[in-house]
**Q** 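First the structure, then my questions, so here it is.
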Number of protein chains: 2
Amino acid sequence: MHRDPDPSAACTHAHCDVIDAEAVQSRARSYAASKGTRFTPTRQRVLALLAATGKPIAAYEIAEKLSGSRKVQAVQVYRALEFLQEAGCVHRLASRSAFFACDHRHGEGETVVFMVCSQCGAVQEAASDLVARGLRGAAKTTGFRPRHPMIEVEGECAKCAGESVS
Amino acid sequence: MHRDPDPSAACTHAHCDVIDAEAVQSRARSYAASKGTRFTPTRQRVLALLAATGKPIAAYEIAEKLSGSRKVQAVQVYRALEFLQEAGCVHRLASRSAFFACDHRHGEGETVVFMVCSQCGAVQEAASDLVARGLRGAAKTTGFRPRHPMIEVEGECAKCAGESVS
DNA sequence: GGGTGTAATGTAATGTTATAACGTATGGCG
DNA sequence: CGCCATACGTTATAACATTACATTACACCC
Ligand SMILES: [Zn+2]
Ligand SMILES: [Zn+2]
Ligand SMILES: [Zn+2]
Ligand SMILES: [Zn+2]
C-alpha cells in the first residue's frame, strides 16, 4: 500500500502494492520497547501476514491463515491487532471491518485519507492538509471540537480504472 | 441533529437536537412513490423512532424499542433501514454501527462530514466543499477515482465541551 | 537458582451486528 | 378474480468482536 508501484517488487498480485515489512516491524519493536511490552511471535506473525498481503483482510481470515497444527483463535488475533494499531503499524478500515498494515509514520494530528478500491480492495493512504482545514472549518460553524477524524473513500484505484477502460 | 439549537423545541434531551420528522417522512413517501414501492408501517415506525431519538442507535436497539406484543425482528429493521437509506432519510455511522435520521436534502456528489460527539453521541452534519477539494486533490496524486467518501469525525459537541469546562 | 509481579497466552463461552433462505401475505392492475 | 411484484414473518446462520478466567512466560530482584 501507499508506495510507488515497483515493477521489480516480489508481489505477484498485480493489484497489491507491497509495504516495507522491515520498517514496520522495527516500528512495532521500538513501540514495544518504549512501553515496556514485547513484540511477541504472535504479533510478529499477524503483522508479517498483513504486510505480505498488502490489502485489508478480516480478523478471522488472519486467524485462518495463521492456523497450522495449532489453531489460532480470533481473540488472539484481535489482541495482536490492538497492539499493532497502538504501535501505528496497522489500521482498521471501518467500512469493511478489515485490517491492513501501514508503513507510514503518521505525524501527530495528521489527517489521513484512506482510498479503498472497490475492485481490488487495495488501500492507498494520503495525508491532506486541505482536508484537515476543511474539517476544522466544518467543525467551527457548529462549535464542534474534532479529535479523531476517520476518512474512507471508496472508488477505483488507477490500475483498476485503467483496466476497466481498456 | 444538524439543525440550529432551538430552546423551544420539544426535546427533553439536552444533548439531542430534534430533526424535522414531517419533512423526512414526506421525503420517504415521495421516494417510495418514485420507485413504485411503499412507505409501509414498519418503515414509518423505524423512521419515526430514529427521528424522535435524534442520535444514532443500533439496529437491535430499534428492534427492541419497537417490540410490543409482537416482537420486531432485527431482520425487519435492517430491511426498513435499507429502504430508508436509499430514500436518503437515514445514514449509517460506520464507526459505531449505528443509524440515525437526517432531514437534509444532500445534493448529488455533496461531501458530508459527520461529527460525532464522544460524550453524548449526537451527530452533526456539515457539507464541506473544502474537504471535497482536499479529497479530489489527494486522489489525483495517485490516480484514484473517488466515488463514495465517508467522513466521520469523533470529538466533542459544543454543549459537551462547554459543560466539561465549567 | 528461587520468588515475585506484570504481560501475554490458551481456551471457552458469549455478545453483537448483519444476512440468507423460504414460505406467506398484501396490494395494485388488467 | 388471477397475476405479479413487493413486503413481511420466521428461522437459521454468518460475520465480527469481546468477556472471563485459568495458565504460562518473562523481566527483575534477591
Ligand atoms: Zn497509515
Ligand atoms: Zn483496484
Ligand atoms: Zn444527512
Ligand atoms: Zn455532546
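Quick note on labels: first sequence line is chain A, next is B, and so on, each numbered from 1.
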**Q** In this structure, how many angstroms lie between the P atom of D:dA17 and the CD1 atom of A:I57, rounded?
**A** 13 Å
**Q** Short question: side chain of B:T37, backbone of B:A33 - any donor-acceptor pair under 3.5 Å?
**A** no
**Q** Using the ring centroid of each side chain, check whether A:F39 and A:Y31 are separated by less than 6.0 Å.
**A** no
**Q** Between atom CD in A:E86 and atom P in C:dA7, what is the gap in whole Å?
**A** 12 Å
**Q** Want to settle it: does A:F99 or B:K71 sit nearer the 5' end of DNA chain D, counting the closest nucleotide to each?
**A** B:K71
**Q** Heavy-atom distance under 4.5 Å between the side chains of B:E125 and B:V113, does that happen here?
**A** no
**Q** Taking the six-membered ring for Trp, does A:Y78 stack with D:dT18 (centroid gap under 5.5 Å, planes within less than 30°)?
**A** no
**Q** B:S97 or A:V75: which one's nearest nucleotide on DNA chain C is closer to the 5' end?
**A** A:V75
**Q** Nearest whole Å is fine: how far is D:dA7 C1' from B:L81 CG?
**A** 15 Å
**Q** Measure the distance from CG on B:L93 to P on C:dA18 and round it to the nearest whole Å.
**A** 11 Å
**Q** Check if the side chain of B:R79 and the base of D:dG9 share a donor-acceptor pair of N or O atoms closer than 3.5 Å.
**A** yes
**Q** Testing the basics here: between A:M115 and B:T142, what is the closest heavy-atom pair and its distance to 0.1 Å?
**A** CE-OG1, 4.0 Å
**Q** Between A:F114 and A:H91, does the ring centroid distance fall short of 6.0 Å?
**A** yes
**Q** Please give me every residue in residues 28-45 of chain A whose heavy atoms get under 4.0 Å of an atom in DNA chain D, ordered by residue number.
**A** A:R38
**Q** Side chain of B:S67, backbone of B:V72: donor and acceptor closer than 3.5 Å?
**A** yes
**Q** Under 4.0 Å, heavy atoms only, any strand: does B:R92 hit a base, just the sugar-phosphate, or nothing?
**A** sugar-phosphate
**Q** Hey, which of these two, B:Q76 or A:A58, hits DNA chain D nearer its 5' end, going by closest nucleotide?
**A** B:Q76
**Q** In whole Å, I'd like the distance from the CZ atom of A:R96 to the P atom of D:dC16.
**A** 12 Å
**Q** Give the rounded distance in Å between these two atoms: CD of B:E82 and C1' of C:dA18.
**A** 11 Å
**Q** Can A:V90 be reached from A:I57 by stepping across I, L, V, M, F, W or Y side chains whose heavy atoms are under 4.5 Å apart?
**A** yes
**Q** Find the distance B:Q73:CD to C:dT16:P and express it as a whole number of Å.
**A** 17 Å
**Q** Any N or O donor-acceptor pair under 3.5 Å from the base of D:dA14 to the side chain of A:Y60?
**A** no
